[in-house]
Amino acid sequence: MELRVLALAVCLLTSSCGWGTGSAWVNEPLAPEERGSGSGTMGTNGTRPPRVRARTLGAGPTDDRERSVAGGGRLVGVFRNTYYDFPQEGDHQGPAVSLMSGTCTEIAKVPKGFYDAVCVQGSGALRKGAVVSFAKRDCPCAEVCPRTGQRICFDALDSASFPYGRGAAGKPITPLRSIAADTSVLPMGTVVYVPELEGVGGATGAASDGCFVVEDRGLRVQGEHIDVFTGQPATTALVNARVPSNTGVHVIVDAPKCAHLRAGP
């Protein structure tokens, strides 16, 4: 394992890495993904990359796992990659169930298939155009979410202000820009560069520049794991075709090319 990490550092420092989607990082079985707040789909191949140790940013001196890389920035580690999108009520069927608010008032009647999706993904769009986002779990009035066993309540949001829903920081999330992460590893607001994801997507807009901001977190996003918000299932499919879920991606902080996303003083 130490040799593999050293080899990775050498290839980064010499700009000789091929940012492909091969399976060299895949070797550990993965349990099915279940998510509660903010985001949710997992990959399709049921594996995770080796657990390269990630460090909380700023916690002590760097070692050979957090190195300066060619082009600037610091490699934090190789993280498990998954993707989540934005369910639309019109795409789902099933018996009608109540979508409940945090005060246990009914927001809308929706197909059970939509509730089953949005209670994992965290945000979604109603047929009438309103956007709903996660408010709290363990609501006594809510339906049980099949994949998490939790009862999820929602807030109804202004779709103009939150066209794709709300992240854990209370801000709008943006396709191919927002990611969910374990905030004990990548604190909220951290800007990261993921070279494998540069140029992917573009189903309904511009492709990713590889720069992302931690604006969300999920119940099962833990350790060296980032969950990329794609916005639409079509974009999820495009990104998954290029960089399949759970193959492992390199997470770099302080990359000069992502400086435009870092907040000023």
Side-chain angles (χ1 to χ4, degrees), residues 33-43 48-49 51-60 62 65-66 69 72-86 120-123 133-134 157 161-198 200-201 206-231 235-236 239 243 245-265:
E33 176 75 346
E34 296 173 353
R35 299 285 300 281
S37 60
S39 52
T41 52
M42 69 162 287
R48 75 161 77 222
R51 296 187 63 81
V52 175
R53 181 166 62 90
R55 300 174 56 256
T56 301
L57 300 185
T62 60
R65 291 172 177 79
E66 186 173 326
V69 298
R74 292 178 290 118
L75 173 69
V76 179
V78 179
F79 282 40
R80 175 186 168 207
N81 58 299
T82 53
Y83 310 106
Y84 66 110
D85 45 47
F86 188 64
V120 176
Q121 305 286 54
S123 295
S133 260
F134 173 88
L157 305 177
S161 300
F162 297 89
Y164 288 97
R166 180 180 62 196
K171 299 178 180 180
I173 55 176
T174 305
L176 296 180
R177 183 67 78 201
S178 301
I179 59 173
D182 181 338
T183 52
S184 70
V185 177
L186 297 173
M188 194 69 70
T190 300
V191 174
V192 303
Y193 174 54
V194 182
E196 290 92 340
L197 296 177
E198 184 171 359
V200 303
S208 172
D209 60 1
C211 298
F212 301 89
V213 184
V214 178
E215 295 183 306
D216 213 351
R217 56 176 170 247
L219 187 64
R220 294 299 179 93
V221 181
Q222 298 177 356
E224 311 92 64
H225 179 186
I226 59 170
D227 202 14
V228 179
F229 181 58
T230 62
T235 304
T236 301
V239 177
V243 186
S245 297
N246 305 305
T247 52
V249 294
H250 300 82
V251 172
I252 296 169
V253 297
D254 298 331
K257 73 169 297 167
C258 300
H260 61 288
L261 295 179
R262 291 197 287 272

Is any side-chain heavy atom of V213 less than 4.5 Å from a side-chain heavy atom of K171?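 V213 does not reach K171 side chain to side chain.
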Measuring only between side-chain heavy atoms, which start at C-beta, is L176 closer than 4.5 Å to V239?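 Yes - at least one pair of side-chain heavy atoms lies under 4.5 Å apart.
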Separation of [Y] [atom2] from [X] [atom1] (nearest 0.5 Å):
| X | Y | atom1 | atom2 | result |
| --- | --- | --- | --- | --- |
| F79 | H250 | CZ | NE2 | 11.5 Å |
| T82 | R220 | OG1 | CZ | 12.5 Å |
| T190 | R262 | OG1 | CZ | 11.0 Å |
| D182 | I226 | CG | CD1 | 12.5 Å |
| E215 | M188 | CD | CE | 8.5 Å |

After noting the C-alpha distance and the side-chain angles of V185 and E224, does the key distance pass the side-chain contact (heavy atoms from CB on, under 4.5 Å) rule? CA-CA 7 Å; V185 177; E224 311 92 64; 5.7 Å; no
R177 (side chain) donor-acceptor with C211 (main chain) under 3.5 angstrom: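 Side chain of R177 to backbone of C211: a pair is present.
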Check for a donor-acceptor pair, side chain of D216 on one end and backbone N or O of I179 on the other, with a separation under 3.5 Å.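 Between the backbone of I179 and the side chain of D216 there is no qualifying donor-acceptor contact (under 3.5 Å).
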Show the nearest heavy-atom pair for residues [X] and [Y], with the distance to one decimal.
| X | Y | value |
| --- | --- | --- |
| Y193 | A255 | CB-CB, 3.7 Å |
| R217 | A168 | CG-CB, 3.7 Å |
| G165 | S123 | CA-OG, 3.5 Å |
| P256 | G73 | CD-N, 4.0 Å |
| V192 | C258 | O-SG, 4.0 Å |
| P175 | T230 | CB-O, 3.4 Å |

Set of salt bridge (charged side-chain N to carboxylate O under 4.0 Å, His left out) partners for K257, sequence neighbours left out: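 For K257, the residues satisfying salt bridge (charged side-chain N to carboxylate O under 4.0 Å, His left out) (neighbours in sequence not counted) are E198.
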Parallel, tilted or perpendicular for F229 and Y164, by the 30°/60° rule?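 The rings of F229 and Y164 stand perpendicular, inter-plane angle above 60°.
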side-chain contact (heavy atoms from CB on, under 4.5 Å) partner of Y84, the single match among V228, V120, I173, T236: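 Among V228, V120, I173, T236, the one that satisfies the side-chain contact (heavy atoms from CB on, under 4.5 Å) with Y84 is I173.
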